[in-house]
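Structure first, commentary second.
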Amino acid sequence: ILVVIILIAVVLGREIWFRVMAQWGSKSMVVLLPTLLALVIVQLTFLESRTFKYDEDMAYRTYVQAQKQAIDYFFEQKMHEGGFHVGFPLDFALLDYRYGYMPDSMSKMLNYEVREGTKHILTIDPPGIVNNPTDIPTKLMKSWKHGYVELRHYVME
């Protein structure tokens, strides 16, 4: 769908450009340039925001940095040596080393749910989904914020 949106934008932009040029000639720059500048400024205001706006928020960089911080903590605490569970979206960070979050020497490492033998849970909120079907008791060990994202480390009791 993104490819179609780009094509529609290019065709529509070209059509508007030629219609305005035919109507006003060189004077059209007085209208087109401020309009174009205003459209760019409106888009830039949504690239990075202080609050989480879900579908309007394009500030994915905060999430990426938080994921990097969580994975660094994951390896510092040696969670990969024992049983562990990570919630979405950290599961994608541990799905494959080629995503760039973990060392090249590591292969795929992922626990889809909390089960017997799980020692650590690492989540990132929002959304911080923990798949604990048997409701094994957990204890919050550490919680810290990175921008609007909260990282949490639980251990099994």
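We're numbering straight along the sequence, starting at 1.
Pairing each heavy atom of Leu151 with each of Ala66, the nearest pair is CD2-O, 3.8 Å. Between Ala70 and Leu122, the shortest heavy-atom contact is O-CD2, 3.4 Å.
Taken to the nearest 0.5 Å, the CE atom of Met141 stands 15.5 Å off from the CZ atom of Arg152. Gln77 CD to Lys142 NZ: the interatomic distance, rounded to the nearest 0.5 Å, is 7.0 Å.
Note on residues 62-76: no pairs pass salt bridge (Lys or Arg N to Asp or Glu O under 4.0 Å), not counting sequence neighbours.
With sequence neighbours excluded, the residues satisfying side chain to side chain contact (heavy atoms under 4.5 Å, CB included) with Gln67 are Tyr63, Pro89, Leu90, Ala93, Tyr101, Ile124. Checked against side chain to side chain donor-acceptor pair (under 3.5 Å), Ser143 has the following partners two or more places apart in sequence or in another chain: Glu150.
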Report all side-chain donor-acceptor pairs from residues 10-17 shorter than 3.5 Å, counting only partners two or more places apart or in another chain.
unit_1 : atom_1 : unit_2 : atom_2 : d
Glu15  : OE2    : Arg19  : NE     : 2.6
Glu15  : OE2    : Arg19  : NH2    : 3.0

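Hydrophobic cluster membership of Leu39, counting Ile, Leu, Val, Met, Phe, Trp and Tyr whose side-chain heavy atoms lie under 4.5 Å apart directly or via other members: none, as it forms a cluster of its own. Hydrophobic cluster of Leu36: no remaining members, since no ILVMFWY side chain lies below 4.5 Å from it.
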